[in-house]
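To keep things clear, I will list the structure first and then write my remarks on it.
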Amino acid sequence: LKVRGEVIGVLDVQSEAAAAFSEEDVAVLQTMADQVALAIENARLLEETQERLHEISVLLGQREREGWEALLAERPIRGYVYDGLEILPTEAAERLAGKPELSVPLETRGGPIGRLLLSLPDRPLTPEEEALIRQVAEQAGLALENARLFQETQRALGVVEALYRASRAIGEANSPDGVVQGAAEIAAALGFSAVSLTLVTALDEGGIPTRGDIYSVIVGEGGPVPIPMIRDFPISDRLAAQGVLEDPGFMVIYRDAEDPLEPVPDVVRETMRSMGMRGMVTLGLTAGGRPLGFLTFSSTRPLTGISEEWSRRARTVADQAAIALEGMRLLEETRQWAERERLRAEIASRVRASVDVDAILQTAVRELGRALRASEGVIRLGGGDGASTSE
């Protein structure tokens with residue numbers, strides 16, 4: 001039995017007749033074997049397809065459940081009640097909760113997402129009315145799932161657009177303030193309330209960051225609001241800072257500072273409370289193996305649903321910020337080198353313009369003092385006894 005040239009089994013035919021099988025008999029048996037092999041392969045493919053479809057259905061159902069859990073986490077209570085005259089918020093549904101004549105689940109592929117309760121005080125429901133209610137509940141479940149998918153798509157498009165704006169702003173930034181302003185674009189789309197950039201300025205003997213310059217932006221409805229830069233500020237969560245700096249892919253996530261079970265260092269918890277923040281995510285910034293600092297997103301609400309996709313987007317922004325900051329550093333080093341070369345050439349030119357020893361000494365010390373904005377300069381010739389001195 002062969003399928004695409006591969007043997008999958010054997011068809012064994014025995015006969016009590018003394019004569020051997022003829023060529024015609026062998027051809028018929030071979031045809032039969034090919035058909036059996038094809039039927040077996042079709043059955044196997046059908047079973048495999050059904051298994052894959054089941055896996056896809058399970059995954060889609062799980063995806064739907066996760067989507068509804070995230071949606072309800074943002075607004076735990078969603079519902080309305082009709083009291084015969086008007087539609088009221090779901091809080092009024094408590095009046096019906098204890099005495100429904102009919103309770104019908106609102107379901108999607110992922111399972112139940114709610115219930116429809118109905119009570120008729122003057123008469124019982126007829127079978128036709130019950131059938132109508134169940135049909136409406138079924139259609140409502142489908143419509144709710146479609147609405148959720150639409151909102152999710154719109155939100156995803158908003159995040160992608162914000163990521164594009166953030167990438168462009170960070171790429172065009174020429175200062176740390178510009179970098180944190182660009183990061184604020186994606187922070188707003190992801191639901192964060194503030195973003196800060198910390199550039200490490202000091203390490204202790206063990207290499208743990210101890211101080212840094214902090215650039216922060218508050219994310220508001222009217223756009224990002226910058227906060228004055230805090231220079232050389234003590235870093236409270238030093239071990240976490242060291243972790244994100246040593247491992248470029250490492251993230252520190254504090255989901256809720258108000259949750260006593262959340263493993264947040266006390267000093268960080270107090271800092272977050274003083275800022276009115278409950279959730280925080282910190283990502284390390286490195287360039288060429290050299291630590292630069294870290295980027296922190298903060299939220300006034302607890303963090304839920306930190307997905308792998310979200311982590312990739314945040315990591316993308318952090319990597320772009322690191323590239324922009326490293327480019328600024330290299331540009332500043334180049335500028336300083338060019339300025340030093342310019343000063344060196346000017347001073348050398350003025351010094352060489354004179355042939356008098358005292359004039360050369362005076363020119364050298366004067367030009368260096370001016371270039372370096374020194375309050376005092378001394379230049380000497382000789383063995384250090386003070387003779388031939390010009391200031």
Side-chain angles (χ1 to χ4, degrees), residues 46-162 188-191 221 255-256 259 278-279 299-310 313:
L46 177 61
E47 183 179 358
E48 186 177 286
T49 300
Q50 290 175 339
E51 290 178 356
R52 295 293 179 269
L53 289 175
H54 177 69
E55 292 176 359
I56 293 173
S57 178
V58 171
L59 290 174
L60 289 175
Q62 180 180 355
R63 180 72 180 84
E64 285 186 7
R65 287 194 299 272
E66 293 174 351
W68 279 106
E69 288 173 1
L71 188 64
L72 294 176
E74 298 176 2
R75 181 181 168 188
I77 301 176
R78 288 175 178 263
Y80 300 92
V81 59
Y82 175 66
D83 65 354
L85 297 175
E86 58 181 338
I87 296 177
L88 302 174
T90 192
E91 290 79 4
E94 297 298 327
R95 299 201 301 266
L96 291 177
K99 53 176 182 180
E101 293 183 7
L102 183 65
S103 175
V104 181
L106 298 174
E107 294 183 317
T108 66
R109 184 165 35 197
I113 60 173
R115 303 197 72 81
L116 173 63
L117 308 178
L118 192 65
S119 176
L120 297 179
D122 56 343
R123 62 180 177 84
L125 293 170
T126 66
E128 292 78 9
E129 289 172 335
E130 288 191 13
L132 174 63
I133 293 169
R134 296 184 187 279
Q135 291 172 0
V136 170
E138 180 180 353
Q139 294 300 315
L142 294 174
L144 286 169
E145 176 60 15
N146 289 336
R148 185 192 66 80
L149 290 174
F150 178 77
Q151 292 180 11
E152 189 176 270
T153 301
Q154 291 296 102
R155 184 179 304 172
L157 289 174
V159 171
V160 171
E161 292 177 358
L190 295 176
E221 295 182 358
R255 286 179 168 79
D256 190 359
D259 184 356
R278 295 186 63 175
S299 173
T300 56
R301 298 181 299 178
L303 299 182
T304 58
I306 300 296
S307 64
E308 182 178 350
E309 181 180 3
W310 184 95
R313 287 169 174 167

| task | Rounded to the nearest 0.5 Å, what's the gap from CD1 on Ile133 to CD on Glu128? Could you check? | result | 11.5 Å

| field | Partner set under side-chain hydrogen bond (donor to acceptor under 3.5 Å, both in side chains) for Glu129, not counting sequence neighbours | value | Arg123, Thr126

| Residues two or more places apart in sequence or in another chain: which of them pass side-chain contact (heavy atoms from CB on, under 4.5 Å) with Ala137? | Val104, Leu106, Leu116

| said: Can you tell me how far apart CZ (Arg134) and CG (Leu132) are? Round to the nearest 0.5 Å. | reply: 11.5 Å

| request: For Asp259, enumerate each residue passing the side-chain contact (heavy atoms from CB on, under 4.5 Å) test, keeping only those at least two apart in sequence or located in another chain. | output: Asp256, Leu261, Glu262

| query | For Glu48, what residues pass the side-chain hydrogen bond (donor to acceptor under 3.5 Å, both in side chains) criterion, not counting sequence neighbours? | reply | Arg44

